[in-house]
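I have placed the structure first, in the form of structure tokens, so that the comments after it can refer back to it.
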Amino acid sequence: MVSGKFITLEGIEGVGKTTAIDTVTSFCENHLVKKVIKTREPGGTMLAERFRNILLEETDEQMTSRAELLLFFAGRAQHISELIEPALRKGYFVISDRFIDATYAYQGGGRGVDLNVINTLENIVHPNLKPDLTLLLDAPLNVCAKRLNTRKYKDRFEQEQDDFFEKVRNSYLQRANQEPQRIKVVDANQPIKDVQKSIENELLRAFNES
Ligand code: Z5A
């Protein structure tokens, strides 16, 4: 009997996470379990969505890295207790567009925040919650940038330079190397239907037997 599972999607902007989450959701509903909840970070609850607006909005006042880090964790604390944990307890598959690995990659890798600080906050906010499976969609920066070049509005993160995203990407890949059981790298530099196939294979490998 399959019980609640927590699946996260990660990767740099434009890699195709939002597109892929629909594949994950419908595959889980059709082949694994009927009860699926799709969510995202930053966000996922009304309050956390308000924090999201603050985090993404470009303003004249520069947000410090510490303030940014704490806001991500504040939203996550709300998201976990209001949505993620209750749903997992009821046996749902919870599928989130980004979670803790984004903090290590963006705030740690990109901004240079001390990883021990992130780890301390992780242990305070969710000592017992880790994704069961993380799908890290990976593609070169120029491929992702091309996929986004029709977008007119750029949020606070999307205004960062290439070297920031290179550091984020490397940091994600490093985490995947450190936790190969949980974090599966999906080659996102292929046509959407091939990305979908790779994702479905990872889901089958991870959950078909459980
Ligand atoms: N952030 C952080 O710093 N720390 C944290 O702890 C967390 C987040 C949780 C908001 O995230 C920002 O918050 C994010 C990191 C930071 N900023 N950045 N950068 P978000 O998830 O809301 O925003 P995003 O990552 O920028 O998402 P995105 O720009 O929408 O990218 P995406 O979801 O990966 O891509 P997509 O919308 O699915 O696809 C983009 C386009 O490519 C679209 O037209 C698709 O049709 C197309 N596409 C998708 N796949 C393919 C393939 N395979 N081939 C061709 N075209 C494709």
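Each residue takes its place number in the sequence, starting with 1. Since this is a predicted model, take the numbers as computed values, not measurements. Atoms within a ligand are numbered from 1 in the order they appear, just like the ligands themselves.
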Partner of Lys38 under side-chain hydrogen bond (donor to acceptor under 3.5 Å, both in side chains), chosen from Thr25, Asp22, Asp97: Asp22
For atom 30 (O) of ligand 1, closest protein heavy-atom neighbour: Arg151 NH2, 3.0 Å
In one Ile/Leu/Val/Met/Phe/Trp/Tyr side-chain cluster, 4.5 Å: Phe72, Leu47: yes
Which residue and heavy atom of the protein sit nearest atom 42 (O) of ligand 1, plus the separation: Arg147 CB, 3.3 Å
Gly14-ligand 1 polar pair, N/O distance under 3.5 Å: yes
Atom 39 (O) of ligand 1: the protein heavy-atom neighbour that sits closest, reported with distance to 0.1 Å: Thr19 OG1, 3.7 Å
Nearest-contact summary for atom 6 (O) of ligand 1 - protein heavy atom, Å: Thr103 OG1, 2.6 Å
Ser96 backbone acceptor or donor facing Arg40 side chain under 3.5 Å: no
Arg98 contact mode with ligand 1 (heavy-atom cut-off under 4.0 Å): side chain
Nitrogen or oxygen atoms of Glu41 and ligand 1 under 3.5 Å apart: no
Charged N-O contact under 4.0 Å between Lys130 and Glu179: yes
Donor-acceptor side-chain pairing of Thr134 and Arg182 below 3.5 angstrom: yes
Test item: Lys35 side-chain N/O and Lys90 main-chain N/O as donor-acceptor pair under 3.5 Å: yes
Close-contact set for ligand 1 against Val195 heavy atoms, below 4.0 Å: 53 (N)
Asp194 side-chain N/O to Gln190 backbone N/O, donor-acceptor pair under 3.5 Å: no
Whether Phe6 and Phe99 hold their rings parallel, tilted or perpendicular, with breakpoints at 30° and 60°: perpendicular
Region of Lys146 engaging ligand 1 - heavy atom pairs below 4.0 Å: neither
Location of contacts on Glu158 toward ligand 1, heavy atoms closer than 4.0 Å: side chain
Whether Phe164 and Phe157 hold their rings parallel, tilted or perpendicular, with breakpoints at 30° and 60°: tilted
contact_flag Gly11 ligand 1 heavy-atom lt 4.0 Å: no
Crowding at CD, Gln159 (>12 non-hydrogen neighbours, <6.0 Å): yes
Shortest protein contact, atom 51 (C) of ligand 1 (heavy atom only): Ile192 CG1, 3.4 Å
Donor-acceptor side-chain pairing of Gln174 and Tyr104 below 3.5 angstrom: no
Under-4.0 Å heavy-atom contact with ligand 1, by part of Glu68 that carries it: neither
Under 4.0 Å to a heavy atom of Thr18 - the qualifying atoms of ligand 1, by number: 30 (O), 32 (P), 33 (O), 37 (O), 38 (O)
Ligand 1 contacted by Glu160 (non-hydrogen, < 4.0 Å): no
Ligand 1 N/O within reach of Leu56 N/O, cut-off under 3.5 Å: no
Distance-only donor-acceptor check, side chains Arg76 and Thr103, under 3.5 Å: yes
Numbered atoms of ligand 1 (with element) below 4.0 Å of Gln190, judged on heavy atoms: 52 (C), 53 (N), 54 (N)
Nearest protein heavy atom with distance in Å, relative to atom 13 (O) of ligand 1: Pro42 CD, 3.8 Å
Close-contact set for ligand 1 against Gln107 heavy atoms, below 4.0 Å: 2 (C), 3 (O), 4 (N), 5 (C), 6 (O)
Atoms of ligand 1, numbered as shown, that sit under 4.0 Å from any heavy atom of Phe165: 19 (N)
Heavy-atom nearest neighbour in the protein, as seen from atom 35 (O) of ligand 1, with distance rounded to 0.1 Å: Gly16 N, 3.3 Å
Distance flag for atom 10 (C) of ligand 1, protein heavy atom under 4.0 Å: yes
Minimum-distance protein heavy atom relative to atom 7 (C) of ligand 1: Phe72 CE2, 3.4 Å
Check: Arg98 side chain, Gly11 main-chain N or O, donor-acceptor pair, under 3.5 Å: yes
Heavy atom of Arg52, distance to ligand 1 below 4.0 Å: yes
Asp155-ligand 1 polar pair, N/O distance under 3.5 Å: no
Asp138 side-chain N/O to Val185 backbone N/O, donor-acceptor pair under 3.5 Å: no
same_hphob_cluster(Leu203, Ile21) at 4.5 Å side-chain heavy-atom cutoff: yes
Contacting atoms of ligand 1, where contact means under 4.0 angstrom from a heavy atom of Arg76: 6 (O), 9 (C)
